[in-house]
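Only one structure is covered here, and it is reproduced in the block below.
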Amino acid sequence: MAKAKPSSSAKKQAAKSQGAQQGGGAGHAAPSGLARYLDPEAPWDKDQLLDAVHWIRQAVALACGLLWGAVPLVGAPWIVLFVAISSGIIYWYYAHLLKVDEEEFGGHGALLQEGMFASFTLFLLSWILVYSLVHF
């Protein structure tokens, strides 16, 4: 009886998990700490990438909220600008810096939506608090 050959995606998954266990694979040591988040060669699983995207989005939200409140900026165009900046930074991070295949992580929609509601809430909270404390 002939054995069934593993599919190419099963081979890729096995190679990826074996490379992660061996510290990154062919001559590439797994980076530690924050350097891993900037290394396009580092192995990523879905949860790790989504966590990184979530926390980057939170940092952007806090920075924009503090800046918008201190300047002071008001109105809907600034909300739209925050969403554009936040999504642009996230897209640049996973597509150009890390060079990950977004289809392995649920597509562009899943990556761009990750952490959006929480970051939007943090953005509004920090914007309103800083604006109210500084300008009233």
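None of the values given here were measured: they were computed from a predicted structure.
- Taking the six-membered ring wherever Trp is involved, the centroid distance between the rings of Phe82 and Trp78 does not fall below 6.0 Å.
- Of all heavy-atom pairs spanning Ala61 and Ser119, the tightest one is CB-O, 3.1 Å.
- Note that the CG atom of Asp39 and the NZ atom of Lys99 stand 11.0 Å from one another [nearest 0.5 Å].
- Placement of Leu81 and Val60 within a single hydrophobic cluster is found when ILVMFWY residues are connected by side-chain heavy-atom separations under 4.5 Å, directly or transitively.
- The nearest pair of heavy atoms linking His54 to Ala118 is CE1-CB, 4.1 Å.
- In this structure, CG on Leu122 lies 8.5 Å from CG on Leu66, to the nearest 0.5 angstrom.
- For the side-chain contact (heavy atoms from CB on, under 4.5 Å) with Met116, the qualifying choice from Val53, Ile90, Thr121, Val83 is Val83, the only one to do so.
- No donor-acceptor pair under 3.5 Å is formed between the side chain of Arg57 and the backbone N or O of Ala52.
- Residues Leu125 and Ile128 are members of separate hydrophobic clusters, defined by side-chain heavy-atom contacts under 4.5 angstrom among Ile, Leu, Val, Met, Phe, Trp and Tyr.
- Distance CG/Leu38 to CG/Leu98: 8.0 Å, rounded to 0.5 Å.
- Both Trp68 and Leu124 are members of a single hydrophobic cluster when ILVMFWY side chains are connected at heavy-atom separations under 4.5 Å.
- With sequence neighbours excluded, the residues that form a side chain to side chain donor-acceptor pair (under 3.5 Å) with Glu102 are His108.
- Linking Ile, Leu, Val, Met, Phe, Trp and Tyr residues whenever their side-chain heavy atoms come within less than 4.5 Å leaves Ile85 and Trp55 in two separate clusters.
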Residue pair Trp127, Phe123: steps toward the ring pair (Phe, Tyr, Trp, His ring centres under 6.0 Å) verdict: CA-CA 6 Å; Trp127 184 16; Phe123 165 70; 5.2 Å; yes
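- With hydrogens and angles disregarded, a donor-acceptor distance shorter than 3.5 Å links the side chain of Tyr93 to the backbone of Tyr37.
- Put simply, the side chain of Arg36 reaches to within 4.5 Å of the side chain of Gln48, judged on heavy atoms.
- When ring centroids are compared, Phe105 and Tyr94 stay outside the 6.0 Å threshold.
- Both Leu97 and Leu112 are part of a single hydrophobic cluster, where members link through side-chain heavy atoms under 4.5 Å apart.
- Nearest approach of Ser126 to Gly65, heavy atoms of both residues: OG-CA, 3.2 Å.
- A distance of 10.5 Å separates CH2 in Trp44 from CG in Leu50, rounded to the nearest 0.5 Å.
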